[in-house]
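Below is one structure, written out as structure tokens; comments come after it.
Order of listing sets the numbers, starting from 1, for every ligand and every atom in it. The shown structure was predicted, so the numbers you read here are calculated from the model rather than taken from an experiment. When reading the values below, keep in mind they use all heavy atoms of this one structure, side chains included, and skip hydrogens, waters and symmetry mates.
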Amino acid sequence: MNWSQYAIVYDLMADSNPAYQQLLKDFCSYMTGLSIPPDGIILDLGAGTGHFSLLAAQNYPNCKIIHVDQDTKMIARAKEKAHALGVTNIEFVCGDVCSPQLEKGTVQLLLSIHCLYACGSHSQALEQAHLILAPGGNAYFIDPGRYLDIRDWSGYLFKHLVKSRGLLSAVTTFIRGLPVARANRAILRLQKEGVYWTHTTDQFGNALKEAGFKICQLDTCYRGYSDRAICKKTDS
Ligand SMILES: C[S@@+](CC[C@H](N)C(=O)[O-])C[C@H]1O[C@@H](n2cnc3c(N)ncnc32)[C@H](O)[C@@H]1O
């Protein structure tokens with residue numbers, strides 16, 4: 001999977017996709033009810049072009065956000081956006097989520113959105129994530145568990161674009177977004193080959209429990225394709 005190629009058009013996909021926008025809105029609602037101590041650390045694992053890390057940085061201006069991704073193009077795009085928004089409380093780290101270089105028990109809020117399935121070893125990533133989370137700390141996970149149905153997504157996005165922007169703009173956006181379709185075909189192939197993790201909601205919950213997380217809420221989102229878990233690390 002070539003994440004650098006996807007990085008160029010990733011924001012076009014995210015900005016044109018109401019299901020993705022809903023994930024961002026839900027995360028904002030989650031943050032409303034969550035206080036993090038000033039100087040706390042928020043870690044976004046597989047943070048891509050920064051949709052979630054930037055929201056966290058703006059919502060918790062006194063915290064330090066650590067944005068980890070293995071792909072330099074994804075990070076470069078996130079940096080550009082942070083600069084344009086005047087956000088300065090993000091540290092960008094190019095690295096593997098399976099071996100994050102952080103001290104144990106130091107992170108107050110941990111996020112991983114649409115990354116675990118692709119990271120190589122979700123169980124290792126989750127085990128490490130649990131170790132670096134502070135006792136009493138919070139975690140917010142979303143992961144696509146089901147096969148990406150390209151025809152279903154294309155139809156959904158095209159209908160939405162025609163309705164919201166008109167036919168001509170929908171066609172133009174689709175043509176610009178051809179690399180998105182290419183990336184999604186690569187993801188589907190890797191899912192089918194078993195290289196990328198697929199799961200039911202229950203299997204997702206069980207993987208989190210095995211890593212030691214206490215699950216406070218578990219549901220499906222992203223048109224039924226993804227699972228979301230709101231978790232805590234118990235104090236002891
Ligand atoms: C589908 S994107 C999601 C990006 C972002 N979290 C979002 O929701 O917009 C998946 C990201 O995970 C990153 N990734 C995949 N495996 C990784 C690994 N082992 N270590 C670090 N980043 C990884 C990719 O580079 C890519 O940026």
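Looking at atom 20 (N) of ligand 1, its nearest protein heavy atom turns out to be Val97 N, 2.9 Å. Nearest protein heavy-atom neighbour of atom 19 (N) of ligand 1: Asp96 OD1, 2.8 Å. Among protein heavy atoms, atom 4 (C) of ligand 1 sits closest to Gly46 O, 3.4 Å. For atom 12 (O) of ligand 1, the closest non-hydrogen atom on the protein side is Cys115 SG, 3.6 Å. Counting protein heavy atoms only, atom 15 (C) of ligand 1 is closest to Gln70 NE2, 3.5 Å.
Judged by a 6.0 Å distance limit and a 45° cone about the ring axis, Arg223 is positioned over the six-membered ring of Tyr156.
If you check the side chains of Lys232 and Asn138, you find a donor sitting under 3.5 Å from an acceptor. A donor-acceptor contact under 3.5 angstrom links the side chains of Asp26 and Gln22, judged on distance only. Using modelled atom types and a 3.5 Å distance limit, the side chains of Asn17 and Tyr222 yield a donor-acceptor pair.
Contacts of Tyr20 with ligand 1, taken as heavy-atom pairs under 4.0 Å, involve the side chain alone.
For the ligand labelled ligand 1, residue Ala47 lies inside the 4.0 Å heavy-atom shell. Contact between Tyr10 and ligand 1 is present, with at least one heavy atom of the residue lying under 4.0 Å from the ligand. Within the structure, the closest approach of Ala125 to ligand 1 does not fall below 4.0 Å when heavy atoms are considered.
Aromatic ring centres of His122 and Tyr117 lie farther apart than the 6.0 Å criterion allows. The six-membered or imidazole ring of Trp153 lies away from that of Phe158, with a centre-to-centre distance of 6.0 Å or more.
Taking a cut-off of under 4.0 Å to the non-hydrogen atoms of His114, the atoms of ligand 1 that pass are 1 (C), 2 (S), 3 (C), 10 (C). Remark: ligand 1 atoms within the under-4.0 Å shell around heavy atoms of Met74 are 27 (O). Contact atoms of ligand 1 toward Gly95: 20 (N), 21 (C) (distance under 4.0 Å to a heavy atom of the residue). Residue Ile113 has at least one heavy-atom neighbour below 4.0 Å for each of these atoms of ligand 1: 3 (C), 5 (C), 6 (N), 8 (O).
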Hey, mind stepping through Tyr10 and His51 against side-chain contact (heavy atoms from CB on, under 4.5 Å) and telling me if it holds?
CA-CA 10 Å; Tyr10 192 82; His51 286 95; 4.1 Å; yes
Please lay out, stage by stage, how Phe141 and Leu111 fare under the test side-chain contact (heavy atoms from CB on, under 4.5 Å).
CA-CA 6 Å; Phe141 296 105; Leu111 321 172; over 6 Å; no
Evaluate side-chain contact (heavy atoms from CB on, under 4.5 Å) for Lys64 paired with Glu91, printing each intermediate quantity in order.
CA-CA 7 Å; Lys64 175 162 114 175; Glu91 182 184 318; 3.0 Å; yes
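Distances from atom 26 (C) of ligand 1 to the heavy atoms of Asp71, Asp11, Asp69 show the closest one on Asp69.
A side chain to side chain contact (heavy atoms under 4.5 Å, CB included) with Ile187 is found for exactly one of Arg185, Gln191, Arg189, namely Gln191.
Polar contact with ligand 1: absent for Tyr117 (N/O pair, distance under 3.5 Å). For Cys119, a nitrogen or oxygen atom sits less than 3.5 Å from a nitrogen or oxygen atom of ligand 1, counting backbone and side chain alike.
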